Structures are given as C-alpha cells and as structure tokens.
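Since the structure is predicted, the reported quantities are computational estimates derived from the model, not experimental observations. Labels below follow one simple rule: chain letters A, B, ... track the order of the sequence lines, proteins then strands, and each chain is numbered from 1.
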There are 2 protein chains.
Amino acid sequence: MTETVPRPTLEAVAARAGVSRATVSRVVNGSDGVREPLAERVRQAVDELGYVPNQAARSLVTKRHDAVAVIVAEPETRVFADPFFARQLRGISKELTAHDNQLVLLLTEDRADHVRVGRYLAGGHVDGALVFSLHIDDPLPELIQRAGLPTVFGGRPDFNGGRGGVSYVDSDNRGGARDAVRHLLGLGRRRVAHITGALDQTSAVDRHDGYRDVMADADPRLVARGDFTPASGERAMRELLGRHPGLDAVFAANDLMAAGALRVLREHGRRVPEDVAVVGFDDMLPIAEQTEPPLTTVRQDIEEMGRLMARLLLRDLDHTGTPEETSGARPDGLILPTTLIRRSSA
Amino acid sequence: MTETVPRPTLEAVAARAGVSRATVSRVVNGSDGVREPLAERVRQAVDELGYVPNQAARSLVTKRHDAVAVIVAEPETRVFADPFFARQLRGISKELTAHDNQLVLLLTEDRADHVRVGRYLAGGHVDGALVFSLHIDDPLPELIQRAGLPTVFGGRPDFNGGRGGVSYVDSDNRGGARDAVRHLLGLGRRRVAHITGALDQTSAVDRHDGYRDVMADADPRLVARGDFTPASGERAMRELLGRHPGLDAVFAANDLMAAGALRVLREHGRRVPEDVAVVGFDDMLPIAEQTEPPLTTVRQDIEEMGRLMARLLLRDLDHTGTPEETSGARPDGLILPTTLIRRSSA
DNA sequence: ACCTGATCCGAGAGCGCTCTCCCACCCGCG
DNA sequence: CGCGGGTGGGAGAGCGCTCTCGGATCAGGT
C-alpha cells in the first residue's frame, strides 16, 4: 500500500544542483559563505526533491538532538486530575517548537521508572530536561541533576543539600498567599483561618508561610491541615468550625479544598461571603467558576510558567560556545507573579 | 562544572572485552550467536564502562527510531480544561515505555503548525503517530495519513472520503448514550430531553445518535444544542424548560453541561432527581462528584483508550517483515465499552 | 604583472553503529 | 584421518550528515 519511497539525501540534492554535499549542507543550515546564484540553485533543488535532513545522521556528528525531555513525576493520580499539567505542557511546547526543538515526554510512577529515566537521560537522546517534581524528598531531581544534563525545574525543588545553582521556575506562592490573606483583612475579617495543602510539597509550604507572614500572631488553631483534595478540604473545614466557631474567613491552599470548605460551610448554615469569606488558590477552571458562590482565588499563569521553563533551558543550551560562563551567572530561581481574582466568595 | 565525559562507544567495549565490535553489538541487541563465556565477558565490559548505545548512530542504519509522535490538535483551549488529555497520555506512555519507545509530543494550534507537523512526520523522526483530531473536517488527519506513517486515531475520525483502513480507538459513545437514556426510562421517566455536544465532533454526534436510538419518536423539541461548555449547558437547559416545561429527565452529552443544567434546574425550583433526573457523560472528576447532587454519568476508560491506541500502533510497526499482511487485515476501529456510574442525580 | 589576502567551494574523513559477508573452527561421518 | 556441514566470531562497508582543510578564484595594492 504505502510504498516506502527512499527519501532524498544530501547527495541527491547536491547532484541535482551540480554542487558538492558541503555546499548543500551550508545552504540548508543557513551558514554564510555561499554566493547568491548558487545558493538559490540549491534551494530550488531542495524544494524539487522535497529534501528533509536526516536528523539521526545530523546528531551523530553534531552531538545535538534539538530535543528536550519533559519529565513528570506523578506517583499519585491527583496530578492528572487537574488541568495544570496540560497547560504547562502547552507553554513548553510553544516555546520549544518556536526554537525547533522536540518535546519528549517521560511520565514516571515508581522507582523502576526512575532508573529508566536516568538511563535515558544518560543515553544522550536529549539536550536537556524539564522536570516537575512535586514532592519533597523525591529522589528524582537529584538523580537527574547527576545525569549532568542542563535542567530546569518546575516548582521550587527541595534538595537535601541545597547546592545552589539549580534553576527553576515557580509561582509566587508565598506572595500570592499574602495577597489572599490581606484581601480578607481588607474586607474587615479578623479571624482568618487557613487550610494547608500537602506539606510535603513546597507550594503548600510556601502558601502556608505566606499566610503566616500576614497572620504572624494568629491563634495556631486557625490552621488546619489538608492535602489538596476536596475531601481534605471538607474535613479541615469541619475541624476549624469545631475548634474555632468564631472564624470569619478561610484561605484554602487550593480551589479544590476551597470548594470542599464551601460545602461544609453551607451545611453548617454559614453564608458565604456574609458570615465567612473564602479565598482559594490556583483559579482552577472550571471548578473555581462553578462553585456556589463562585470562588475568589489566586491565579497563577501556568502556561507562562511552562514557557519560561523552556526558555531558560534553551538559553542554557545555547551557552555551548563559552565554557567559562557555564559555571557562573546561573539564574537560580524565577518567580512568577500571581493575581487575585475577585469573584463572590470574598 | 559538569565535565562532559565522552561516552564510551561500542569500540571501547569491544576493546575492553577483547572482541570485535560486531560481537558486542550482537550481545547488546540480544541476538543469539554468541557463546556464553564470551557473552558474559562482553556484558561485564558494558557494565564497567557504563555503555549506552548511541541512538542516533543506531537509527542511522536501522531506520527505526523507537519513537512515536503523539499529535494533539487543540484549536480551542477547551481541550486543556479537562483532564482527559493527561489520562490518555498516561495510558499511551505506559504502553510505549513498556516497549522501549519514546513519546514525542506535538501540540498544534493552527495551520502553520499543521505544516510543521507534516514536515516533521515526513522527516522520518518517528516510526508512527497517534493522533487526536477532535473536529470533523479537520485537515490534519488526512495530512497525516498522507505522510505515509502508520497511524492510529483517538476518537473516530471523520474522513470526507471514507477510505476505510483507518485504525482508531474510541469509546462506545453511542452505546453509552443508549444506556444513559434507558436508565432514565427505567426510572419511569418519559419525557427525556437531550443536550447535545458540539456537533462538529463525532463524539457528540454519536451520543446524540444513541439518544435517538432509544427515543426514536420523541418530540424533537426535547433536544437542545450545546457545545460541551458549562455555559452552553445552562443555555440549553433554559431553552428546554421554556419550550417543554413538562420534561422529567435530561441526558447531557457531557458532565460540564450537566453541571450547568443542574444549576438552572435549581434556579427554577426543580428538584433533582425528584422532579427532573439528570445524567451526564464522561465521569469527569472532580466535577462529577462535586455537583449538587453528585452526578450520575457514563464513564469511559480514558487511560485504557490511550493504552490501546499505543498497542495498536506498536503492533502495526512490528509488521515490518511481512509486506503482504500490511495491506489487508487492518483492524479498523476498536470500541471501548462504557459504564454507567450511578450517583444521586438520576 | 606579481604577490597577498580574502572569499567561496569541494574533497574527504569520520561520527557510532548494524549487518553482510567470509573465514576459522568444531563436530560427526565415511 | 580427511571431508563436509554447521556455527561462532571478525573484517569492513556504509548509513547521511558535518566540518576541517586546502585549493581555486578574484580583487586590490604596489
């Protein structure tokens, strides 16, 4: 059926244009040193034959692959329940394709996968890696750094030995949390509670820190621990209501938990926002818009985050010519601003 | 900092083991014809040097890449708002890595991207493609098929000239819809309305067809058109309520629209499920569980779908040796069963 | 007119691997 | 004890490209 037509080679193009392989190569790769009439003839031959360079042959000699790995650690299914992943991927994809790089996706679940990923990276198939490590003490980040590939992390990683020189992109979780709490204070609320996320993730820790920055001397009983799931939001809300019935506001570390909290508040006859104001985090759509009432929340530009990760990495990869600059001048972390989205819940 | 140590080559391993390159190659690729004492010596040399084959050099001669492209067309952002994409990707990823294949992700948005994708596929970087085309009359599928690569589609594609021989994996949208409607009838409902999805997608068409299979002679005014968004669900529900106030059940083509319908029903003082029973489609979490009341819906095993797509493709790719079998015996479509998940809304 | 230098292009090596020969060796048989 | 078939292992070509190097060409200066 589909006859596998042998693809034209550099040689063929050269023959047709009546030049040497070297010249065709020069034209194809856009290097100067080929005068106009000749260059045009080559370009025409390329078009006529529909020539496309063989990437394998090329990287065999250049040692570049124009490909980067995106590694997503997802021991839990939860990662996949939210739409962030896709957004981030899209940001990355856009930036990558704009620079003619391919995106090789590596999804990992367990230790066995880690080994595989390590081998893959060491195997020199890609020029760099973009890594999403969600959990503190995840061995993956270190493992990857040790592979010696240029790497950018999504979300602040937490290395045991903070060696510095780790580049990453993250949202301003702490600042966003501060904004959320200040907004509640601005509404005249004084007993602002907090439902934390899973504290084995830096984002949850940072949001909690942001809350404490503003509510430094608040009653510690105003803080209940959640794990980012809706059920944990409900549980935490009940807990808070039980031990601190007088609370007049809640800042949940994500929208899912905020949605859970909302349900419990309604159950208990508390009106939102009149009796208790609620603020979430993420602006996870369509959830945040669909709660009752619609959720006031902290938005992070997740797609931009992906784009920046890719940009950072690509810039690193271009530094091939200057070995001296490679060691110093590394931009450690890049923090993206967040925006408070005001809906009806606060 | 990270000294780029030159990776050991086949040559180096051969030297260390005291054999020829060919022998090492044989051992590494698991082909027989190397006797045990020698083979062991080679394996040891491989370990000691930490040898990893250079994929570029390998595919240069084998013309295989052990990589498949996953192409996602997403002219609209909507695709990214739902978690399906990620699930499917995970299914694909699992199957692929189990067979030592890489996943190259290609996200497209507009015509320009189509050209790029076409070139990429023609460029022979991957052995096959997995394609998600969401819209009828999307030019991408044809374009990809023309590239001559083995391809499997996610969701029933809609070619103008139904040439057959197109392999795809899809959920049993029609059967699932029938189940949903029959369930409503089983509840004693008689005036069952339907909110369609965007009818430029085969999934929406099929679900609509399923509804009509069961409600063949229903009042056509019981059908309102939506486009899979929550807002369209609300709009459609209002429309239905307006022109057919006596309806006692609604089958929405997805959960997002069902959630919108639920809100409108509440607004109008209709109790769910007492006055109006509601069934959705997708079992999109966490939405489906979080509505009030929790949604009865049709679940599709989205991860399995991804896995099957990959499996189908890989099987196709293995058929390299037998050119005769390639033309015939192609499994056109694979339809996955759906399950009705009973919650409180119906 | 001759030399110098810059510029353009071609020849050829070689990237790391696979795979087809082909030779050497082992065994069993006559 | 020699011969043939079978089998294990090596030699070497070649996949399609890049890139260095050197030769040719051309211009300008003296």
Side-chain angles (χ1 to χ4, degrees), chain A residues 4-43 45-46 49-67 100 122-127 320-321, chain B residues 4-43 45-46 49-67 100 122-127 320-321:
Chain A
T4 309
V5 183
R7 292 199 296 133
T9 87
L10 241 207
E11 188 82 46
V13 178
R16 182 175 195 102
V19 297
S20 74
R21 286 203 316 279
T23 301
V24 178
S25 175
R26 277 189 267 259
V27 172
V28 168
N29 294 305
S31 76
D32 45 359
V34 179
R35 258 174 309 194
E36 204 28 67
L38 236 201
E40 180 52 32
R41 217 162 73 216
V42 171
R43 264 179 247 116
V46 166
L49 283 99
Y51 169 74
V52 184
N54 180 321
Q55 183 61 36
R58 180 179 277 172
S59 22
L60 182 56
V61 29
T62 58
K63 269 109 178 57
R64 299 196 79 243
H65 303 85
D66 295 320
D100 280 313
H125 305 241
V126 293
D127 302 324
T320 33
Chain B
T4 309
V5 183
R7 290 201 294 133
T9 87
L10 243 207
E11 187 84 46
V13 179
R16 182 174 195 102
V19 298
S20 75
R21 287 203 316 279
T23 301
V24 179
S25 175
R26 278 189 267 258
V27 172
V28 169
N29 294 306
S31 76
D32 44 358
V34 178
R35 258 172 310 193
E36 204 26 70
L38 237 201
E40 180 51 31
R41 217 162 74 216
V42 171
R43 265 180 246 115
V46 166
L49 279 88
Y51 170 74
V52 184
N54 180 321
Q55 183 60 35
R58 179 179 280 173
S59 25
L60 182 55
V61 28
T62 58
K63 268 107 179 60
R64 298 196 80 245
H65 301 85
D66 294 320
D100 279 314
H125 305 241
V126 293
D127 302 324
T320 33

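If you find the closest nucleotide of DNA chain D to A:Ala56 and to A:Arg35, the one lying nearer the 5' end belongs to A:Ala56.
If you take CG of A:Asn29 and P of D:dC19, they are 7 Å apart, rounded to a whole angstrom. Rounding to whole angstrom units, CZ of residue A:Arg7 and P of D:dC15 are separated by 14 Å. Remark: C1' of C:dG14 and CZ of A:Arg58 are 17 Å apart, rounded to the nearest angstrom. As a whole-Å value, the separation of B:Arg64 CZ from D:dC15 C1' is 16 Å. What separates CD of A:Glu11 from C1' of D:dC17 is a distance of 11 Å, to the nearest Å. Summarising the geometry, the separation between CG on B:Asn54 and C1' on C:dG14 is reported as 14 Å, rounded to the nearest angstrom. Taking atom CD of residue B:Gln55 and atom P of nucleotide C:dT18, one finds them 9 Å apart after rounding to whole Å. Between the CG atom of A:Asp66 and the P atom of D:dC17 there is a distance of 15 Å, rounded to whole Å.
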Verdict with supporting geometry, A:Arg58 and A:Asn29, side chain to side chain contact (heavy atoms under 4.5 Å, CB included)
CA-CA 11 Å; A:Arg58 180 179 277 172; A:Asn29 294 305; 3.1 Å; yes
Test side chain to side chain contact (heavy atoms under 4.5 Å, CB included) on B:Thr9 and B:Asn54 and set out the steps.
CA-CA 8 Å; B:Thr9 87; B:Asn54 180 321; over 6 Å; no
Side chain to side chain contact (heavy atoms under 4.5 Å, CB included) assessment of B:Ser25 paired with B:Val28
CA-CA 5 Å; B:Ser25 175; B:Val28 169; 5.8 Å; no
List the steps and the verdict of side chain to side chain contact (heavy atoms under 4.5 Å, CB included) for B:Arg64 and B:Asp127.
CA-CA 6 Å; B:Arg64 298 196 80 245; B:Asp127 302 324; 4.2 Å; yes
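At a cut-off of 3.5 angstrom, counting only N and O atoms as typed in the model, there is a donor on one side and an acceptor on the other between the side-chain of B:Arg26 and the base of D:dG10.
Closest non-hydrogen pair, A:Val24 versus A:Ala14, comes out as CG2-CA, 3.6 Å. The nearest pair of heavy atoms linking A:Val27 to A:Arg43 is CG1-CG, 4.1 Å. Of all heavy-atom pairs spanning B:Leu10 and B:Arg21, the tightest one is CD1-O, 3.8 Å.
Heavy-atom distances under 4.0 Å link DNA chain D to A:Arg21, A:Ala22, A:Ser25 of residues 18-25 of chain A, given in residue order.
Proximity note for A:Val34 (side chain, C-beta onward) versus C:dG16, C:dC19, C:dC9: the nearest is C:dC9. Closest approach to the B:Lys63 side chain among D:dC15, D:dT18, C:dC15 is made by D:dC15 (side chain taken as heavy atoms from C-beta onward).
A:Val42 is listed as a side-chain neighbour of A:Val19, based on a closest heavy-atom distance under 4.5 Å.
Over its full length, the helix from C:dA1-D:dT30 to C:dG30-D:dC1 turns its helical axis through 50°, comparing axes from the five pairs at each end and rounding to 10°.
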